[in-house]
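For clarity, every value in this text was computed on a predicted model and none was experimentally measured. In what follows, chains carry the letters A, B, and so on, assigned in the order in which the sequence lines appear, proteins first and then strands, with residues in each chain numbered from 1.
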Amino acid sequence: MNTEVRTRFAPSPTGFIHIGNLRTCLYAYLFAKKNAGTFILRIEDTDQERYVEGAVELIYSTLKKSGIEHDEGPDKDGGYGPYVQSERKPIYKEYAEKLVELGGAYYCFCTKERLESLTDENGVRTYDKHCLSLSAEEVSEKLAAGVPHVIRQNIPREGTSTYEDMIFGTINVDYAELEDNVLIKSDGMPTYNFANVVDDHLMKISHVMRGMEYLSSTPKYNLIYDTFGWERPRYIHLPPIMRDATHKLSKRFGDANFDDFIKKGFLSEAIVNYIALLGWCPKDNSEKMTLDELIQKFDTDGISRSGSIFDEVKMRWLNSQYVKEMSVDEYMSHARQYFDLSVAKNKYDYEKLTKILISRTEIFSDIPEKIAFLDEFGEYDLTLFENKKAKIDVNVAKTCIELALPVLQNVNVWTNENLYETLSTLAEANGLKKTQIFWAIRVAITARESTPGGATELADILGKEECLKRLKFSLNLFK
RNA sequence: GGCUCCAUGGUCAAGCGGUUAAGACAUCGCCCUUUCACGGCGGUAACGGGAGUUCAAUUCUCCCUGGAGUCACCA
């Protein structure tokens, strides 16, 4: 019995990595690392029609960004290659022929038309094992004549298959429910049904992790393992990630790709952390965890059996937790591209912007809207000055600004601290509440009801010249 | 439709015969406060339904209901 844990992530190069696939990948990785095992990347490109140029590179880059590192793969030979299925074509052929000899499969020469004629009134088509009765002579004759053919799996007509899934427990499926699926297509390429078994066995995969859509077809694969006399792997089927109660999160839904979230301004660590929690819960109920912590805490016991609805709101919250812990430099490295998009470029202090934004950023794409006041300033409605809690109305606001303008004109040390002192003193000297004057100035220099910082912080960032300009402009609005 | 699987608040979820049924997000209120955030405190909110088994069911069994998956020369 092979005791080494070897898991694999076997995506098809058909485009961006879907969040659901990434979670399967993550779990396979976590499980392998938790058990000091090996994590393998295998490319399942047996369907040349669905192949998308550049998709393999996307797989590599997604794994890299996620922090998931494979031990073996097309680019890292571990002695079990090739790791790309299209390069293993001869291997499948050899094993398929062997399976035919063992009676586990047979050649089928049925035409598409005949297959279609098998469709019943419900639109369900079940192959009738027509070619199973062909004699050895007939088969070799047709083969020699070059008649197009496939190789089908020979599934018993009756009986029940049983296996243990580590998440779902005992699964029983009657063979009658299963069909003689195609193992080798007419183009000579294997289907998933065959390739995954051959490869998992040859690559010594100990634990197969995959979506639970394979739960009821796994008996077919077990049958192949059994026929060859190979040891069956352990199965860990995973429940789906849902878009809502009744729809699976799908590629067609659009923004369910890892890269989409990265583009939206999510941190890869937060995405990984969040999806780890979708369908799995650590024993100690931790929420924010690094990849290493995830590895330490991962346990199949904590995997749930029901689907989980993807909640972007919670992922945003988790992202904000990561943002909050960033240093100013780290934050700036992510925020710079958004700052550069605004007038802030070459004009305002990024470090100061970072300091006010760091506790107000859930995802980085929130930034433009928050700093829009830097770019946009002009006509606004004076009712913005009204606020009952701050005990301020348009008249009070006007008074505040009139009082503050000359004082601010004389401020030489234009810093947050100094401005705060100056305006506080001014308020006190004139019997005004600090809140009133701060509110008035803040609105007057931003034209906004809420801003990512207080009056003096924003004044500091805008600079003396711009502030005075805006205050004068605002004062004019009262006339 | 057949088969397989699933079912705790709006969401993620803990629970694995006896609990005041955790926690997190969201939401609401209060505090802090230079608006908004952050932070702190508190509130609202759940075992789908029905039979059993048991001294005792959220927990075990069955049925119903609801939902998901699957039934390809796609994976």
ring-ring contact (aromatic ring centres under 6.0 Å, His included) between A/Phe364 and A/Phe266, worked out: CA-CA 7 Å; A/Phe364 289 96; A/Phe266 280 92; 9.8 Å; no
Test log, rule side-chain hydrogen bond (donor to acceptor under 3.5 Å, both in side chains), inputs A/Thr218 and A/Arg210: CA-CA 11 Å; A/Thr218 294; A/Arg210 50 161 64 137; 3.1 Å; yes
Derivation of the side-chain hydrogen bond (donor to acceptor under 3.5 Å, both in side chains) call for A/Gln321 and A/Asn273: CA-CA 11 Å; A/Gln321 300 302 300; A/Asn273 190 159; over 6 Å; no
Enumerate the protein-to-nucleotides 59-62 of chain B contacts in which both atoms are nitrogen or oxygen and the separation is below 3.5 Å.
none

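Using a 4.0 Å heavy-atom criterion, one finds that A/Val150 contacts the bases of the nucleic acid, with or without backbone contacts as well. As judged by a 4.0 angstrom heavy-atom cut-off over every strand, A/Ser186 is placed among the base-contacting residues. Residue contacts shown for A/Thr126 are absent, as no nucleic acid heavy atom lies under 4.0 Å away. Residue-level contact check: A/Arg210 touches neither bases nor backbone, having no heavy atom under 4.0 Å from any strand.
The existence of a salt bridge linking A/Arg50 and A/Glu44 is excluded, since no basic side-chain nitrogen approaches an acidic carboxylate oxygen closer than 4.0 Å. Under 4.0 Å is where a charged nitrogen must lie from a carboxylate oxygen, and between A/Glu287 and A/Lys314 at least one such pair does.
Side chain of A/Tyr107 to backbone of A/Lys142: no donor-acceptor contact under 3.5 angstrom is found. Within the 3.5 Å criterion, the main-chain N or O of A/Ile155 finds a donor-acceptor partner in the side chain of A/Asp180. In this structure, A/Lys352 contributes its side chain and A/Leu458 its backbone to no donor-acceptor pair below 3.5 Å.
Residue A/Met289 contributes atom CE, which lies 11 Å from atom C1' of B/A24 at whole-angstrom precision. Residue A/Tyr127 contributes atom OH, which lies 13 Å from atom C1' of B/C73 at whole-angstrom precision. The CG-C1' distance, from A/Asn319 to B/A24, rounds to 16 Å in whole Å. Between the NE2 atom of A/His237 and the C1' atom of B/U70 there is a distance of 12 Å, rounded to whole Å. Rounded to whole angstrom, the span from the CD1 atom of A/Ile241 across to the P atom of B/G67 amounts to 22 Å. Following rounding to the nearest Å, A/Asn181 (CG) and B/C71 (C1') show an atom-to-atom distance of 9 Å. In this structure, CD of A/Glu49 is placed 12 Å from C1' of B/A72, rounded to the nearest angstrom. What separates CG of A/Asn273 from P of B/A24 is a distance of 16 Å, to the nearest Å.
Counting only heavy atoms from C-beta outward, the side chains of A/Leu432 and A/Leu403 approach each other to under 4.5 Å. When side chains are defined from C-beta on, A/Ile43 does not count as touching A/Tyr83, because their heavy atoms never get closer than 4.5 Å. Taking 4.5 Å as the limit, every side-chain heavy atom of A/Ile184 sits out of range of all side-chain heavy atoms of A/Arg152.
Counting only N and O atoms by type, the side chains of A/Asn172 and A/Thr160 include no donor and acceptor under 3.5 Å apart.
Within residues 370-377 of chain A, no residue is approached by RNA chain B to less than 4.0 Å at the level of any non-hydrogen atom.
When the P atom is compared between B/A26 and B/U11, the two are found 16 Å apart, to the nearest whole Å. Between the C1' atoms of B/A21 and B/U8, the separation comes to 8 Å (whole Å). For the C1' atoms, the distance linking B/C47 with B/C28 amounts to 24 Å, nearest Å. Nucleotides B/A13 and B/G23, compared at atom C1', are 8 Å apart to the nearest Å. The separation of B/C6 from B/C64, taken at their P atoms, amounts to 16 Å, rounded to a whole angstrom. Rounded to the nearest Å, the gap between the P atom of B/G43 and that of B/U4 is 46 Å. B/G15 and B/C60: their P atoms are spaced 12 Å apart (whole Å). Between B/U44 and B/C55, the distance separating the two P atoms is 36 Å to the nearest Å.
In this structure, A/Thr246 and A/Asp47 both approach RNA chain B, and ranking their closest nucleotides by distance from the 5' end singles out A/Thr246. The residue among A/Lys220 and A/Tyr214 whose nearest nucleotide of RNA chain B lies closer to the 5′ end is A/Lys220.
In terms of heavy-atom proximity, A/Pro219 sits nearest to A/Leu178 at CB-CD2, 3.9 Å. In this structure, A/Ile205 and A/Pro233 approach most closely via the heavy-atom pair O-CB, 3.8 Å. Of all heavy-atom pairs spanning A/Phe109 and A/Pro148, the tightest one is CD2-O, 3.7 Å.
With respect to A/Asp366, the salt bridge (Lys or Arg N to Asp or Glu O under 4.0 Å) criterion is satisfied by exactly one of A/Lys264, A/Arg360, A/Arg316: A/Arg316. A ring-ring contact (aromatic ring centres under 6.0 Å, His included) with A/Tyr214 is found for one member of A/Tyr192, A/Tyr235, A/Phe168 and no other, namely A/Tyr192.
Partners of A/Ser327 by side chain to side chain contact (heavy atoms under 4.5 Å, CB included), not counting sequence neighbours, listed by chain and number: A/Asp329, A/Glu330.
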Where protein sits on nucleotides 2-17 of chain B, one letter per nucleotide: B base, S sugar-phosphate only, - none, heavy atoms under 4.0 Å: BSSSSS---SBSS---
Contact state string [nucleotides 34-43 of chain B, B base, S sugar-phosphate only, - no protein heavy atom under 4.0 Å]: BBBBSS----
Paired and unpaired positions of RNA chain B as dot-bracket, Watson-Crick or G-U wobble under 3.5 Å, | denoting a partner strand: ((((((((.[[[..)..(....]]].(((((.......)))))....[[[[[..)....]]]]])))))))....
